[in-house]
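Comments concern the structure below.
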Amino acid sequence: MHYFPSHLGRLAATCLAVASLHLACLAQTSFPNRVIKVIVPVTPGGGADMVARMVTDKMSHALGTSIIIDNKAGASGSLAALEVARAAPDGYTLMQCFVATHSTNPAVLKLKYDPIADFTPVGMMARTSNVLVVGDKNKAKTLPEFLALARSKPGAMSYSSAGSGSATHLIMEYLENQAKVGLVHVPYKGAAPAIQDLLGGQVDAMFPSLTTALPYIKAGKLRALAVASPKRDPLLPEVPTVAEMGFAGFSAIQWWGLCAPAKTPEPVVAKLNKALNDALAQPDISKRLGDMAAEPTPITPQQFEEFLKTEVTKWSKLVKDVNLQIEQ
C-alpha cells in the first residue's frame with residue numbers, strides 16, 4: 001500500500017480548496033447564462049401561480065435571462081418538491097415553495113424529501129393572513145360567540161377545508177385544540193369547492209387565506225370573525241386576531257417563497273435573493289400583491305431558513321398533540 005507524503009496531502013487539500021473557491025467565483029460571475037426554470041406546485045391560474053409569475057417576471061429582467069414557469073400539481077405539491085430536491089444545485093431549477101410543501105405536508109405525510117435538508121432557501125415572495133369566516137346567516141358575530149355556539153352543540157357544527165392535512169384543515173385543528181371545542185371536519189378537493197359550500201350553508205365555517213376569502217367578505221356573503229396572523233390585517237383593521245381573543249401566540253399564515261436544491265452555491269443564492277427582493281420592492285408588484293390581499297415579504301435566505309424550521313416544528317407538534325392521522 002502506498003501513502004502520500006504529508007506535504008503532498010496538504011498540497012492536494014489546498015488545491016481542492018482553491019478549486020472550490022474558483023467554482024464559487026465562476027458561479028457568481030457567470031450565473032445566469034441560460035434559462036431558469038421555476039416549478040410551481042399548483043395548476044395555472046390560481047393565487048400561488050399568479051404570485052409566482054408576476055414576481056419571476058420582474059426577476060428575469062434583473063437577472064438578464066428568461067425565467068419559465070413549469071406548473072406541476074399533484075400530491076399537495078410533493079411531486080414538484082421531490083423533483084426540485086433531486087435537481088442539479090446550480091440555480092437553474094427552482095421551485096415556488098409554499099405552506100403545503102414546506103410546512104404542513106412534512107407534519108402529516110410520509111415524504112420522500114426533507115423540507116430542510118434537501119433545499120436551499122432563497123427568500124420569501126409574499127404572505128397573507130388566514131381568516132376565520134362564517135356564512136352571512138350564521139348567528140356568531142365574534143370568535144367568542146362562535147366558540148360558545150360550538151360548545152352548546154357538541155359535534156353539530158362543521159367546517160370545510162381544502163383537504164385533509166391542508167393548511168385550512170390544520171389551522172382549524174389548531175383553534176380547536178387551543179379553544180377545547182369539537183367541530184366536524186368536511187374536507188374538499190381544493191379551496192374553491194370548500195368555500196362554495198360554506199357560501200351555500202352546507203358547512204358552518206372555514207379558515208381560508210384572506211386572498212381566497214376577501215372578495216366574499218367585501219360582498220357581505222361571508223363574515224370575518226378573526227385573523228390568524230400575529231397582528232391585525234390592514235385590509236380588515238376592524239377584525240381582531242385570534243391571539244387578541246385570549247389565545248396568546250396563535251399564529252398561522254399562508255406564504256409563498258423560492259427554494260433551490262440543497263448545496264446550491266452561496267453566490268448563486270445571493271444573486272437570486274437580490275433579484276427577488278428587488279422585484280418585491282417595485283411599486284407595481286406591491287400594488288398587484290396588495291390587490292390579492294398579499295404582502296411582499298423581502299427577507300434574507302438565512303431568515304427564510306429559520307422561518308421554515310419554525311414552521312415545520314410548529315405543525316409537527318400540533319399534529320402530534322392532537323394525534324391527527326391522515327390517510328395517504
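This is a predicted model, so every value here is computed, not measured.
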Where is the tightest heavy-atom contact between [X] and [Y], given as atom of each residue plus distance?
X	Y	value
Ile39	Ala80	CG2-CB, 3.6 Å
Asn138	Arg223	O-NH1, 2.8 Å
Asn71	Val42	ND2-O, 2.9 Å
Phe304	Trp255	CZ-CZ3, 3.7 Å
Ala262	Pro89	O-CB, 3.2 Å
Ala226	Val242	CB-CG2, 3.9 Å

Has the side chain of [X] got a donor or acceptor atom that lies under 3.5 Å from a matching backbone atom of [Y]?
X	Y	value
Thr128	Ala293	yes
Thr101	Cys97	no
Tyr92	Asn33	yes
Ser160	Ala194	yes
Ser103	Ala100	no
Asn105	Ser76	yes
Arg127	Gln254	no
Glu306	Gln303	no
Thr65	Arg34	yes
Thr56	Met59	no

Less than 4.5 Å apart, any side-chain heavy atom of [X] and any of [Y]?
X	Y	answer
His169	Leu324	yes
Phe31	Pro267	no
Ile217	Leu210	yes
Asp204	Leu149	no
Leu272	Leu94	yes
Val186	Asp197	no
Val203	Tyr188	yes
Phe146	Met157	yes

Exercise for review: Mind running side chain to side chain contact (heavy atoms under 4.5 Å, CB included) on Leu276 and Met125 for me, showing each step along the way?
Suggested key: CA-CA 7 Å; Leu276 170 59; Met125 293 179 175; 4.0 Å; yes
Could you state the interatomic distance from [atom1] ([X]) to [atom2] ([Y]), rounded to the nearest 0.5 Å?
X	Y	atom1	atom2	value
Ser158	Leu198	OG	CG	9.0 Å
Gln96	Asp70	CD	CG	12.5 Å
Ser209	Met292	OG	CE	9.0 Å
Leu147	Leu175	CG	CG	5.5 Å

Review point. Do the side-chain N and O atoms of Asn177 and Asp321 include a donor-acceptor pair separated by under 3.5 angstrom?
Key: no
Check your understanding: Are a donor atom and an acceptor atom from the side chains of Thr313 and Thr310 found within less than 3.5 Å of each other?
Key -> no
Practice item. Please lay out, stage by stage, how Trp256 and Met124 fare under the test side chain to side chain contact (heavy atoms under 4.5 Å, CB included). Key: CA-CA 6 Å; Trp256 304 276; Met124 193 179 291; over 6 Å; no
Exercise for review: Considering only NZ, NE, NH1 and NH2 on the basic side and carboxylate oxygens on the acidic side, decide whether Arg53 and Asp49 come within less than 4.0 Å.
Suggested key: yes
Point to revise | Lys/Arg-Asp/Glu bridge criterion (N-O < 4.0 Å) met for Asp278, Lys58 | key: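 So Asp278 does not pair with Lys58 through a salt bridge.
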Review point. Between His102 and Lys309, does a side chain to side chain contact (heavy atoms under 4.5 Å, CB included) hold up when you go through it step by step?
Key: CA-CA 9 Å; His102 283 69; Lys309 289 178 179 177; over 6 Å; no
Review point. Got more than 12 heavy atoms from elsewhere within 6.0 Å of NZ, Lys314?
Key: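 Counting other residues, nucleotides and ligands, NZ of Lys314 exceeds 12 neighbours.
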Check your understanding: Counting only heavy atoms not in Lys218, do more than 12 sit closer than 6.0 Å to its NZ atom?
Key ->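 Counting other residues, nucleotides and ligands, NZ of Lys218 stays at 12 neighbours or fewer.
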Review point. Do Tyr113 and Phe119 have ring centroids that are under 6.0 Å from one another?
Key: yes
Review point. Do Asn130 and Tyr174 pass the side-chain hydrogen bond (donor to acceptor under 3.5 Å, both in side chains) test, and can you show the C-alpha distance, the side-chain angles, and the key distance before you say yes or no?
Key: CA-CA 12 Å; Asn130 283 90; Tyr174 187 10; over 6 Å; no
Check your understanding: Using the ring of each side chain (for Trp, its six-membered ring), is His185 parallel, tilted or perpendicular to Tyr159, with breaks at 30° and 60°?
Key -> parallel
Spell out, yes or no, whether [X] and [Y] are grouped together once hydrophobic residues are joined by side-chain heavy atoms under 4.5 Å, including indirect joins.
X	Y	result
Val108	Leu82	yes
Tyr216	Leu235	yes
Val322	Leu109	yes

**Study point:** Glu244/Arg232 under side chain to side chain contact (heavy atoms under 4.5 Å, CB included): CA gap, chis, key distance, verdict
**Key:** CA-CA 9 Å; Glu244 286 179 73; Arg232 294 194 183 199; 2.9 Å; yes
